[in-house]
Amino acid sequence: MPMASRTLAKLRSLHPGAFESRVVRLPLPESDAALVSHLRTDPGSARAMLFDRYAADVERVLCRILGPDSEIDDLLHEVFIVAITSIDTLRDAGRLRSWMIGIAVHKARKLIRQRKIRRLVRLVAPHELHDYEAASATAEVSEALRQTYRVLAQLPTDERIAFTLRQIDGMELLAIAEQTRVSLATVKRRVARAQKTFVTLARQNETLAEWLEPGTVPQ
Amino acid sequence: MTTLDRLSAEIAREQDELMSRGDRLTNARRRLLTTDVGFPRRRVPAWVGWAVAGTSAIAVTTGALLSHFLAPDELVATTGESNSPISANARLDAPENASIPVRFSDGTQIEVAPRSRMKVISIGRRDVRLAMESGHAGFTVVHAERRRWELRAGPFAVNITGTRFDVAWDPAQDRFDLALTEGQVELTGCGFSTGRRLVAGQTVRASCRDGSVEIAYGRAVPWPTESATTSTEKNGPAVISSSVSAPKSANVTSPPGSTSHAGPAADAKIAAGANSTTVLHSSSTTSQWMLLAEQGRFKDALAAVDRTGFAAECSRAQVDDLALLADAARSAREPQKARRAFLVLRQRFPDTSQAGVAAFKLGVLEFDQIGAYMDAASWFRTYLAENPSGPLTREARGRLMEAMHRAGSTDARVLAADYLHDYPTGPHAELAQRIVDAQ
């Protein structure tokens with residue numbers, strides 16, 4: 001008898017019942033389809049799982065499109081509320097992630113448009129533009145982030161969304177087309193137009209101009 | 001990789017770093033799990049529908065009865081030392097050198113400033129409506145369930161819950177000012193047709209005629225003291241002030257046929273603590289440089305400030321505007337002006353969080369634009385001493401280490417070792433490791 005087996009036999013004799021075999025149920029990740037089914041039958045308990053699975057993706061998309069913005073917290077919440085309450089409208093349960101991101105894009109677009117309308121009647125003063133605590137070691141990057149979204153605020157909403165998802169987030173063009181519900185050709189056109197406009201406007205911005213001059217990118 | 005790609009990559013990295021910090025997702029998760037979500041409807045048998053309808057009808061009837069019995073108490077408004085009652089349609093016309101205090105039985109207090117006129121349109125159990133006809137008034141409204149307060153000022157209307165705020169309305173100039181000290185209000189009318197919610201700390205200046213609205217945070221807003229004068233010189237701040245002396249001839253006019261009269265006692269004293277001085281900056285130059293700065297046109301912004309005097313703006317601007325001015329100067333590569341603005345900010349507003357941030361930014365300024373590393377280190381130390389666990393602590397410690405390293409100080413190694421210990425993956429970790437390895 002090998003030594004390990006002997007030791008185990010001795011322990012069993014000393015602690016009867018302690019080594020009985022048992023099945024341990026591990027939390028296996030559900031497929032999106034199973035999660036959707038779970039949401040439809042018991043949304044109360046499934047919402048935590050939905051949040052845990054997609055909150056980071058939704059937050060990232062909102063941050064990319066909006067930049068530093070105090071309303072992201074509310075939008076994040078709203079995206080999940082919309083998703084949970086309209087889960088019955090999701091036709092292909094396997095596309096849950098894409099659907100969630102689509103809701104986030106829609107919410108961000110709605111917010112940008114509302115703000116543009118408010119600005120038309122001058123309801124938002126410049127002081128209301130959002131500030132944030134810098135994350136990077138260099139003040140230049142923090143300032144560049146702030147100025148980038150100031151410039152982006154001047155772009156047409158759909159071009160801004162296409163630009164931020166493609167240029168900053170690195171999302172595939174096909175995915176952007178799906179999220180924004182337009183053709184691939186339209187997305188390509190929007191991205192190209194947005195890049196051109198952004199560079200033109202950024203060159204007029206003292207902070208961003210430095211970044212866009214070859215060889216003068218602040219470190 | 002193009003320069004645009006490089007910028008985009010830095011932006012994405014900065015955003016990722018920001019997202020990795022804080023507890024947004026934790027809070028959002030908690031919020032979602034505690035929200036009463038209106039889950040999708042499920043098909044239910046018809047009898048359930050009838051049962052629900054019946055129950056609802058009973059609930060509505062019960063609610064209506066309860067609402068009647070639970071309505072807020074009747075409100076009584078009085079003024080003056082003798083608490084003369086004020087009835088609906090009364091007009092409060094404050095004299096030149098005294099204000100009119102109005103007290104409501106629920107604790108709400110209003111003070112109509114000298115030379116100001118306010119009309120009490122109605123005082124109901126659920127609804128109080130007032131109209132500011134001209135001048136200024138301070139409000140401390142006590143919140144009560146099921147009671148709605150509305151203040152009209154020309155084309156504007158303020159829907160009030162429990163809150164504290166000051167309002168000024170100048171019909172001749174078509175100028176509406178509101179400064180919210182506590183709580184929330186909703187503005188409607190004119191440019192606010194769909195309603196605009198304001199929170200404590202915000203101030204609003206609006207003109208229906210010009211179609212202009214300015215909303216700002218943290219401007220000075222307290223309320224009048226000395227003789228009521230409103231200065232509207234083009235380049236200077238409009239100063240609104242009023243007297244705190246007891247009114248001798250306040251004119252409270254009750255409508256004909258009313259049973260109540262505001263007798264001679266419209267000579268009430270002003271509620272303690274209700275008054276102080278208001279300075280509302282209205283200079284067009286001020287808003288012009290701010291607009292330019294917010295647009296990233298820093299040099300133009302500074303040029304606009306220089307036209308009226310940089311030093312004057314430093315001594316006049318409120319803390320947020322002063323911080324903006326200093327940042328604009330820093331971004332415009334005008335380090336002397338930036339330093340001056342930051343120093344004035346720290347001197348004038350020493351107890352604000354902006355003062356701490358100014359210390360950090362002074363360090364960045366000395367480091368990046370002047371190359372005075374020991375001075376920079378001194379400012380980073382100041383920030384750390386004032387904000388030992390502030391939001392910029394990690395950056396300040398990294399910058400301090402780098403400044404000492406550039407200045408050739410041997411203290412850099414100790415700072416680097418400490419940095420590595422506390423922030424092994426921080427943005428200065430690589431430099432810290434090099435410093436530790438090199439010495």
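Values below: all heavy atoms of this structure, side chains included; hydrogens, waters and symmetry mates excluded.
- Partners of B:F342 under the ring pair (Phe, Tyr, Trp, His ring centres under 6.0 Å) rule, at least two apart in sequence or in another chain, do not exist in this structure.
- Residue contact with chain B, scored on non-hydrogen atoms closer than 4.5 Å, involves the side chain of A:L76 exclusively.
- For the pair B:R29 and A:D52, the salt-bridge criterion is met [side-chain N within less than 4.0 Å of a carboxylate O].
- B:Q15 and A:C63 make their closest contact through NE2-O, 3.0 Å (heavy atoms, listed as atom of the first residue, atom of the second, distance).
- Here the CD1-CG distance, from B:I11 to A:D169, works out to 13.5 Å after rounding to the nearest 0.5 Å.
- Residues A:F198 and B:L4 meet the side-chain proximity criterion, which asks for heavy atoms closer than 4.5 Å.
- The CZ atom of B:R31 lies 12.5 Å from the CZ atom of A:F80; values are rounded to the nearest 0.5 Å.
- Here the closest heavy-atom approach between residue B:A12 and residue A:R64 is recorded as O-NH1, 3.5 Å.
- Not counting sequence neighbours, the partners of B:N27 by the side chain to side chain donor-acceptor pair (under 3.5 Å) test are B:D23, B:R30.
- Put simply, of A:T164, A:L208, A:T148, the one with the most heavy-atom pairs under 4.5 Å next to chain B is A:T148.
- A:E206 contributes a side-chain N or O that, together with a main-chain N or O of B:K299, makes up a donor-acceptor pair within less than 3.5 Å.
- Only the side chain of B:R330 comes within contact range of chain A, judged by heavy atoms closer than 4.5 Å.
- Here the CG-CD1 distance, from B:D5 to A:I168, works out to 11.0 Å after rounding to the nearest 0.5 Å.
- Summarising the geometry of B:T3 relative to A:W211, their closest heavy-atom pair is CB-O, 3.4 Å, with the distance given to 0.1 Å.
- Ion pairing between A:E59 and B:R24 holds under the 4.0 Å rule for side-chain N and carboxylate O.
- Here the CD atom belonging to B:E14 is positioned 9.0 Å from the CZ atom belonging to A:R146, to the nearest 0.5 angstrom.
- Separating the CD1 atom in A:I84 from the CG atom in B:L32 is a distance of 4.5 Å, to the nearest 0.5 Å.
- Each of A:Q204, A:Q195, A:Q167 has some count of heavy-atom pairs under 4.5 Å with chain B, and the biggest count is that of A:Q167.
- For A:R95, the CZ atom sits in a loose shell: 12 or fewer heavy atoms of surrounding residues, nucleotides or ligands are nearer than 6.0 Å.
- Counted within 6.0 Å of NE2 on A:H77, heavy atoms from surrounding residues, nucleotides or ligands total more than 12; the atom is thus considered enclosed.
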